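The basis for the numbers below is simple: all heavy atoms, side chains too, and nothing from hydrogens, waters or symmetry mates. In this text, all values refer to a predicted model and were calculated from it rather than measured experimentally.
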Amino acid sequence: MSLDPVVNVLKSIAKPAASLVINQAQRNETVVRTLKQFNFDPVQPPKDVDGVYIYSLIEYGVDKAEVLLNLFREREIKNAFWSAYTSNNPLGFYKEVEKFLQGKDLEYDIRLLRIELRSQLEEFGEIFIKVAKKSKSKDFEPFPEWNLDEYPAEFKSLIREKIRSFCGRKFVFDAFKQFCDKNRSGYFTVVGDAGMGKSTIAAKYVWDNKSPCYFNIRSDGRNRAELFLESIRKQLVKRYQLQNDQKANLADLLEQVSKKLPANEHLVIVVDALDEVEQEAGGNLLDLPTALPERIYFLLTRRPYTRDKKRLSAPDVPVEELDLRGSQYVDLSREDIKEYIRFFLNVDQDYKNAVRQWIQDRNISDNDFVEQVATKSENNFMYLRYVLPGIAKGEYNDLSLRELPDGLQEYYQVHWQRMGMEEKPQEVKVFILFILVEIGTPIPCEMISEIAKQDEFDVQSVLDEWVEYLKPQDLEGEICYSIYHASFLDFLKAKRVLDSKRKLFQEVNQHIANYLVRKMA
């Protein structure tokens with residue numbers, strides 16, 4: 001089968017949004033529909049190399065930029081991929097693609113769109129291997145380790161998502177560099193409210209420096225000291241060829257690393273969201289060492305805390321904090337916010353035309369739009385993540401610029417009301433969201449429907465309706481859902497308290513208890 005008809009169909013599919021996370025449900029439906037259009041079985045892929053390549057391109061390419069589709073349709077790229085696959089040399093594929101692109105318009109277009117080519121080549125390779133395994137053909141064995149970088153596999157998708165529209169924050173990285181330059185080791189903590197971009201700062205540093213990292217994620221149950229140590233141990237052992245002692249604590253591992261570091265190098269370990277860590281009282285969070293060897297640094301992030309929740313004692317180690325809420329950083333953060341808005345207006349391929357049409361319809365200049373939305377955001381990137389796509393999708397066609405919500409919490413409240421969630425007929429939707437709050441870990445639609453005692457189709461409709469606020473993820477072949485961001489979780493918890501008179505909270509917990517009893521019976 002020729003690649004051209006497939007690529008042309010993929011080009012014709014409108015991109016529904018800028019984030020894969022937001023559109024996972026719609027994307028899955030489109031993939032299945034496109035596979036069927038070319039007579040592929042969505043459950044059982046073909047067994048030949050050409051068929052698996054095309055099948056993989058469909059799974060990969062549904063929401064991709066046209067320039068990437070044009071790249072993968074090239075015969076030289078296909079041949080280079082198969083050569084790298086059979087020789088277990090993914091970096092060789094990256095080098096061949098770079099060589100192919102030199103001096104071509106494709107290279108210019110990829111740079112213009114700020115596409116991170118390495119991550120896209122890695123994503124395609126991972127999808128190809130997944131499809132090859134499903135094909136059950138021996139022709140694809142042995143399966144290579146398709147890893148074009150040094151990022152932990154468990155955090156790759158999160159890092160990719162966070163950096164795709166990264167803007168600014170130079171003052172944070174400059175402050176951290178100064179901290180490292182003037183101290184032989186130490187802990188540097190970025191503090192800020194939900195939505196101020198702490199995780200994105202962590203992801204960007206990891207992406208640029210390939211640092212060992214750990215992202216605490218309460219909704220995934222990935223926020224305990226033993227999981228942190230296990231992950232960091234694997235990363236350090238692999239990077240520095242340490243003796244793989246399964247009982248070594250972090251302090252011992254860092255001592256080994258310090259002895260192997262070249263004289264002109266240092267090690268930075270990035271740890272995101274200390275506030276989401278669940279750990280018994282006593283000792284440092286994640287059992288972070290009270291002493292650090294020379295040239296070992298930690299870049300940490302967390303939400304604001306009270307003194308008793310700091311839990312980072314290191315008497316002889318330099319410790320510094322950068323609070324994004326500080327008055328000295330307000331103007332710098334506002335400039336970063338404005339850069340992010342300009343990115344949506346001028347660069348973002350999914351939204352720029354629709355956002356620009358919205359402001360033209362209201363006779364607003366670009367500068368006024370940037371300034372007023374920056375003010376309304378209250379320097380919160382999460383606000384922009386929701387409001388700017390909302391403008392593009394027509395959710396605010398009935399509002400003027402002045403009528404847009406002020407700040408993230410007002411945004412959540414306005415959206416809640418516009419969705420009619422205060423009305424009696426919407427209680428089922430509230431009930432389903434509260435189930436996600438109370439369970440606290442990713443769960444499938446089937447489980448939610450059993451707890452809520454609602455038809456699975458109706459539950460899925462609610463999940464699809466709220467998908468931009470949820471985090472769909474594939475766990476062992478099943479799509480599971482959790483609350484996407486801590487700020488929305490906080491909002492829902494506040495709603496739960498305020499609406500206790502409706503007793504929905506008590507009913508949710510009783511339904512969950514009844515479900516667990518049924519499963520254990």
Side-chain angles (χ1 to χ4, degrees), residues 88 90-91 94 116 118-119 122-123 125-126 144-163 173 176 180 185-190 198-218 220-262 264-274 276-277 279 284-302 312 314 317:
N88 193 11
L91 284 175
Y94 176 61
E116 176 50 56
R118 184 185 291 253
S119 68
E122 182 173 73
E123 183 180 342
E126 290 170 347
E145 292 186 14
W146 198 260
N147 188 9
L148 274 71
D149 51 44
E150 300 174 12
Y151 311 117
E154 59 189 316
F155 301 123
K156 279 181 183 175
S157 60
L158 180 149
I159 292 170
R160 287 172 183 160
E161 177 206 340
K162 292 294 184 183
I163 68 164
F173 301 126
F176 179 56
C180 294
S185 64
Y187 289 106
F188 186 92
T189 305
V190 178
K198 302 181 300 299
S199 295
T200 303
I201 289 169
K204 178 62 173 174
Y205 191 90
V206 172
W207 184 263
D208 288 347
N209 298 280
K210 297 182 173 58
S211 298
C213 63
Y214 193 83
F215 291 79
N216 291 286
I217 308 173
R218 182 187 294 119
D220 290 357
R222 196 178 287 157
N223 60 340
R224 303 195 307 277
E226 63 271 21
L227 298 177
F228 162 75
L229 177 58
E230 179 184 1
S231 177
I232 293 296
R233 180 191 287 124
K234 288 179 180 178
Q235 294 177 59
L236 295 180
V237 166
K238 178 181 178 181
R239 178 178 297 228
Y240 296 102
Q241 290 79 52
L242 304 181
Q243 181 179 353
N244 193 0
D245 185 351
Q246 296 301 320
K247 295 183 180 179
N249 60 35
L250 184 55
D252 292 340
L253 290 168
L254 295 179
E255 285 291 346
Q256 291 187 53
V257 169
S258 69
K259 295 173 183 177
K260 293 204 170 195
L261 281 174
N264 61 341
E265 291 186 12
H266 62 267
L267 168 67
V268 175
I269 297 177
V270 178
V271 185
D272 180 53
L274 283 180
E276 298 204 16
V277 173
Q279 186 175 337
N284 285 342
L285 286 172
L286 299 179
D287 298 324
L288 294 174
T290 57
L292 294 176
E294 289 190 8
R295 294 180 292 144
I296 303 292
Y297 303 89
F298 278 81
L299 175 58
L300 312 170
T301 77
R302 66 178 302 157
L312 179 58
V317 178

S.K.: Apply the test side chain to side chain contact (heavy atoms under 4.5 Å, CB included) to residues Tyr214 and Leu227: give CA-CA distance (whole Å), side-chain angles for both, the deciding distance (0.1 Å), then the verdict.
M.R.: CA-CA 9 Å; Tyr214 193 83; Leu227 298 177; 3.4 Å; yes

S.K.: Do you know which of Phe228, Phe155, Phe215 makes side-chain contact (heavy atoms from CB on, under 4.5 Å) with Arg222?
M.R.: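 Testing each of Phe228, Phe155, Phe215 against Arg222, the sole residue satisfying side-chain contact (heavy atoms from CB on, under 4.5 Å) is Phe155.
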
S.K.: Hey, is CD on Glu226 packed in by over 12 heavy atoms from elsewhere, all under 6.0 Å?
M.R.: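 More than 12 within 6.0 Å, yes.
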
S.K.: So, Arg160 and Glu126, do they make that salt bridge, N to O below 4.0 Å?
M.R.: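 Between Glu126 and Arg160 there is a salt bridge, with a charged N closer than 4.0 Å to a carboxylate O.
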
S.K.: Could you tell me whether the side chain of Cys213 reaches within less than 4.5 Å of the side chain of Pro152, counting heavy atoms only?
M.R.: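 Yes. Closest side-chain heavy atoms under 4.5 Å.
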
S.K.: Is it true that Gln235 and Ser231 share a donor-acceptor pair across their side chains at a distance under 3.5 Å?
M.R.: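 Gln235 and Ser231 do have a side-chain donor-acceptor pair below 3.5 Å.
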
S.K.: Report yes if the side chains of Ile232 and Leu253 come closer than 4.5 Å at any heavy-atom pair, otherwise no.
M.R.: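 SC-SC contact between Ile232 and Leu253 ruled out.
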
S.K.: To the nearest 0.5 Å, how far apart are NZ in Lys162 and CD1 in Ile159?
M.R.: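 Here the interatomic distance stands at 11.0 Å.
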
S.K.: Which value, rounded to the nearest 0.5 Å, describes the distance between Leu288 atom CG and Tyr187 atom OH?
M.R.: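 Atom-to-atom, Leu288:CG and Tyr187:OH are 4.5 Å apart.
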
S.K.: Distance from Tyr297 atom OH to Ile269 atom CD1, nearest 0.5 Å?
M.R.: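 It comes to 13.0 Å.
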
S.K.: Starting at OH of Tyr240, measure out to CG of Leu267 and round the result to the nearest 0.5 Å.
M.R.: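 Between atom OH of Tyr240 and atom CG of Leu267 there are 4.0 Å.
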
S.K.: Is any NZ, NE, NH1 or NH2 atom of the basic residue among Lys234 and Glu230 found under 4.0 Å from an Asp or Glu carboxylate oxygen of the other?
M.R.: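 Between Glu230 and Lys234 there is a salt bridge, with a charged N closer than 4.0 Å to a carboxylate O.
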
S.K.: Can you find a heavy atom in the side chain of Val206 that is under 4.5 Å from one in the side chain of Asp272?
M.R.: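 No, every pair of side-chain atoms sits at 4.5 Å or beyond.
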
S.K.: Going from CG on Asn249 to CD on Glu255, what distance comes out if it is rounded to the nearest 0.5 angstrom?
M.R.: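 Spacing of CG (Asn249) from CD (Glu255) equals 10.0 Å.
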
S.K.: Taking the side chain as every heavy atom from C-beta outward, state whether Leu285 and Arg302 have any pair of such atoms under 4.5 Å apart.
M.R.: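 In short, these two side chains touch, coming nearer than 4.5 Å.
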
S.K.: Please report the closest heavy-atom contact between Pro212 and Leu236, naming both atoms and the distance.
M.R.: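 Here Pro212 and Leu236 meet closest at CG-CD2, 4.1 Å.
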
S.K.: Between Ala273 and Asn216, which heavy-atom pair has the shortest distance, and what is it?
M.R.: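 That would be O-CB, 3.4 Å.
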
S.K.: Any side-chain heavy-atom pair from Phe188 and Val268 closer than 4.5 angstrom?
M.R.: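 When only atoms from C-beta onward are counted, Val268 and Phe188 do not touch, as no gap falls below 4.5 Å.
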
S.K.: Decide yes or no for Leu286 and Val271: does some side-chain heavy atom of the first lie under 4.5 Å from some side-chain heavy atom of the second?
M.R.: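 Sidechains of Val271 and Leu286: in contact.
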
S.K.: With Gln279 as reference, evaluate Asn223, Asp287, Asn284 under the side-chain hydrogen bond (donor to acceptor under 3.5 Å, both in side chains) test and give the passing residue.
M.R.: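 Only one of Asn223, Asp287, Asn284 forms a side-chain hydrogen bond (donor to acceptor under 3.5 Å, both in side chains) with Gln279, namely Asp287.
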
S.K.: Which heavy atom of Glu122 sits nearest to which heavy atom of Trp146, and what is that distance?
M.R.: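 Answer, listing the atom of Glu122 first, then Trp146: O-CD1, 3.4 Å.
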
S.K.: Could you check if a side-chain atom of Lys260 sits within less than 4.5 angstrom of a side-chain atom of Gln241, using non-hydrogen atoms only?
M.R.: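 Yes - at least one pair of side-chain heavy atoms lies under 4.5 Å apart.
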
S.K.: Rounded to the nearest 0.5 Å, what's the gap from OG1 on Thr301 to OH on Tyr205? Could you check?
M.R.: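 It is 14.0 Å, given to the nearest 0.5 Å.
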
S.K.: Please walk me through it: do Ile217 and Leu158 pass side chain to side chain contact (heavy atoms under 4.5 Å, CB included)?
M.R.: CA-CA 10 Å; Ile217 308 173; Leu158 180 149; 3.5 Å; yes

S.K.: Would you indicate whether the side-chain heavy atoms of Leu91 and Arg118 approach each other to under 4.5 Å?
M.R.: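 Result yes, sub-4.5 Å side-chain heavy-atom pair found.
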
S.K.: Please step through side chain to side chain contact (heavy atoms under 4.5 Å, CB included) for the pair Phe298 and Leu254, ending with a clear verdict.
M.R.: CA-CA 11 Å; Phe298 278 81; Leu254 295 179; 4.0 Å; yes

S.K.: Check Pro293 against Ser258 and note the closest heavy-atom contact, atom names and distance.
M.R.: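 Heavy-atom minimum between the residues: CB-CB, 3.6 Å.
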
